[in-house]
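Input: a single structure, listed below in structure tokens.
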Amino acid sequence: MSGSGLSPLARTLEALLFLSPEPVSAEDLAQAADAWPDDVEQAVGELREAYAPGARGLLLREVAGGYTLATAPEAEPAARRLLAKPRTPPLTPAQAETLAIIAYLQPVSRPEITRIRGVSADSASATLLERGLVEEAGRSQFGAVLYRTTPLFLKLFGLGSLDDLPDPGQWDPTPEEEADLRERLLRAGEQRAGEPVAPASS
Amino acid sequence: MSGSGLSPLARTLEALLFLSPEPVSAEDLAQAADAWPDDVEQAVGELREAYAPGARGLLLREVAGGYTLATAPEAEPAARRLLAKPRTPPLTPAQAETLAIIAYLQPVSRPEITRIRGVSADSASATLLERGLVEEAGRSQFGAVLYRTTPLFLKLFGLGSLDDLPDPGQWDPTPEEEADLRERLLRAGEQRAGEPVAPASS
Amino acid sequence: MTVSELELDLEVFSGPFDLLLTLVLREEVDLLEVELADVVVGYLDFLAARGDLDLEVATEFLVLIAALLELKSRLMLPREEDGLPELEPGEAAEELLARMLEARRYRHAAQHLARLLAGEDGHRFRAAPLPRWLRRATAGDVVAAYDPTQLGAAIGGLLRAPAPLDLRHLATPRVTVAERLSHLRALLRHGATSFDDAVRGADRVTVAVTLFALLELYKQGEATWSQDEPFGEIRVAPLGRGAAANATAHGNGGGR
């Protein structure tokens with residue numbers, strides 16, 4: 001390739017291939033870029049040259065479905081170090097609260113979690129599901145999805161079993177209360193909300 | 001850029017930025033590529049040059065405390081045709097105001113936002129949460145949920161960090177304007193001394 | 001529908017302090033002449049166009065209007081009646097000024113953010129799943145990364161049930177339009193009444209909500225009202241079925 005960069009059409013095709021997770025056919029490229037097939041072919045040629053093996057960290061690959069960008073094999077070890085390890089970023093407060101409710105009350109439904117927290121736990125529980133810390137455990141009698149923790153949860157928290165969860169008594173503001181933990185959490189949640197919580201959709 | 005391509009380290013970094021769904025900090029790049037920070041800095045410089053505006057269909061962006069690749073705006077019409085996905089919808093005035101208050105005062109509670117705006121921020125903050133621009137940041141001493149902005153906020157607004165937000169004092173009125181406003185309010189206040197007692201239904 | 005939709009619809013403000021600031025800064029408008037009634041009427045027109053009254057939304061809107069009423073009444077009323085500390089005119093103006101300037105600052109910051117977002121339009125990020133070779137589960141690598149005490153601490157935090165938070169009057173409506181509607185209807189079952197009677201002993205928010213309920217009764221054709229002079233007594237009389245006798249007995253007001 002010339003050092004001065006790519007033609008406008010080649011730049012557009014590069015952006016399209018970058019964005020698309022799937023290979024894109026020459027026809028689709030032409031249609032999206034509003035260009036003639038001949039021009040697209042020529043622009044693809046420019047890209048092929050720019051992404052010649054050894055030139056960059058990415059390669060232009062021609063597969064059955066069309067064209068796609070992929071990383072060069074040399075970068076694999078670094079990519080593994082960056083991305084293949086289990087992701088354990090610190091839990092956000094919302095995630096920690098949601099995970100604690102699930103850990104101590106399991107199985108527990110999403111509407112119950114919402115009532116205890118006073119705010120929706122949808123995005124927090126989605127993240128916990130995605131990271132494999134919790135999983136679905138059937139449905140409540142009202143049809144709401146129930147959650148429980150996973151074996152990965154125990155491993156990541158260094159717990160042998162759920163019995164090893166710390167006794168929340170030492171953080172309990174009113175440890176003298178006798179009632180069941182679930183009942184007390186629901187009551188406190190409703191008091192914090194200050195008004196009856198609308199029934200959560202499940 | 002030189003036509004002969006990138007150094008091996010720059011190629012590796014390019015591949016990492018292509019694969020990673022989130023911006024990657026210089027430290028994480030160095031660790032993954034098993035390279036010295038100085039070398040990483042130099043390789044990033046190569047990439048910056050290779051992705052100089054106008055050279056390619058992609059740009060190297062420095063947002064949310066890290067580096068990431070993004071498409072150049074010239075490709076946007078084609079990207080919209082290919083992906084049939086709307087771009088980020090703009091914010092309503094209420095959402096933008098709520099976001100501004102959270103961005104500058106974080107962590108901040110919903111009642112505090114309501115106090116500043118003079119009108120409820122409930123639906124605006126729900127939308128911001130849903131769009132992932134803000135997240136919960138624990139609870140105030142009274143149990144109210146606190147909010148802060150997310151890395152996605154920095155990414156979508158093109159900010160390297162919160163420090164890139166301008167000093168809000170720059171939008172304060174000039175001393176003359178402020179004096180004028182005070183004068184008018186005082187005049188209105190003094191007038192009432194001579195007013196008849198208004199009924200409660202005023 | 002929510003009040004935020006209404007904000008969009010009016011497209012003039014996104015909060016009472018903004019509205020107030022806009023009005024005050026407009027050379028021709030004196031704060032004392034701000035016609036809050038126009039805002040209410042505009043809202044009623046908005047509702048009429050939609051064809052139904054959502055009481056919950058109406059209440060929410062009233063909270064907004066009540067905030068404006070309070071600010072305005074601080075300047076108009078020589079005396080506070082509900083225990084809020086009385087402010088000297090100078091103090092009231094300073095407090096109002098401070099709140100308006102604070103709201104203004106974030107309004108400008110909001111505009112700045114909106115411009116930033118618009119400037120980013122066209123930059124798209126890649127959102128592709130990781131290639132399969134990076135997704136391989138590596139169960140053996142898992143080591144403890146989290147401290148279980150944060151779970152116990154989170155439960156402790158959730159057990160806390162605090163004293164109710166003082167959100168000032170504008171965070172939570174204490175009275176609903178529905179309540180005041182049934183209060184007015186009950187009064188009107190006994191014939192004509194006056195607005196003062198309907199709100200005797202009530203706080204300002206209740207007064208505002210009652211006024212709104214009265215507007216609703218008027219719109220529904222259940223009641224009529226009249227006022228002979230500014231700040232004069234507002235007479236309220238029932239209309240419709242069974243109201244004729246009462247209306248005659250009390251006289252139906254001369255001001256209509």
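Labels below follow one simple rule: chain letters A, B, ... track the order of the sequence lines, proteins then strands, and each chain is numbered from 1.
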Is [X] close to chain C through its backbone or its side chain, or both, or neither, when contacts mean heavy atoms under 4.5 Å?
X: B:R110; result: neither
X: B:L58; result: neither
X: B:L69; result: backbone

Look at atom [atom1] of [X] and say whether more than 12 heavy atoms of other residues, nucleotides or ligands are closer to it than 6.0 Å.
X: B:E41; atom1: CD; value: no
X: C:F125; atom1: CZ; value: yes
X: B:Q31; atom1: CD; value: no
X: B:E130; atom1: CD; value: no

Please report the interatomic distance [atom1]([X]) to [atom2]([Y]), rounded to the nearest 0.5 Å.
X: B:L154; Y: C:L116; atom1: CG; atom2: CG; answer: 11.0 Å
X: C:E102; Y: B:I101; atom1: CD; atom2: CD1; answer: 8.0 Å
X: B:R117; Y: C:Y106; atom1: CZ; atom2: OH; answer: 13.5 Å
X: B:I116; Y: C:R105; atom1: CD1; atom2: CZ; answer: 9.0 Å

Exercise for review: Under 4.5 Å, counting heavy-atom pairs only, tell me which of B:P173, B:A103, B:P166 racks up the most with chain C.
Suggested key: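 Among B:P173, B:A103, B:P166, the one with the most close pairs to chain C is B:P173.
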Review point. So which of B:L159, B:L59, B:L105, B:D172 has the biggest tally of heavy-atom pairs under 4.5 Å with chain C?
Key: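 Ranked by heavy-atom pairs under 4.5 Å with chain C, first place is B:D172.
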Exercise for review: Mind listing the closest non-hydrogen atom pair of C:A110 and B:A100 along with its distance?
Suggested key: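 Here C:A110 and B:A100 meet closest at N-CB, 3.7 Å.
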Point to revise | Where C:R126 and B:L19 come nearest, the two heavy atoms and their spacing | key: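 In this case the closest contact between C:R126 and B:L19 is NH1-CA, 4.5 Å.
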Do the non-hydrogen side-chain atoms of [X] and [Y] ever get within less than 4.5 Å of each other?
X: C:H112; Y: B:Q170; result: no
X: B:P73; Y: C:H123; result: yes
X: B:F153; Y: C:L113; result: yes
X: B:R115; Y: C:R99; result: yes

Review point. Would a distance-only check, ignoring hydrogens and angles, find a side-chain to backbone donor-acceptor pair under 3.5 Å from C:R124 to B:E76?
Key: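 Checking the backbone N and O of B:E76 against the side chain of C:R124, no donor-acceptor pair under 3.5 Å is found.
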Practice item. Could you label the plane-to-plane angle of the B:W171 and C:H108 rings as parallel, tilted or perpendicular, counting under 30° as parallel and over 60° as perpendicular? Key: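 The arrangement is parallel - the two ring planes meet at less than 30°.
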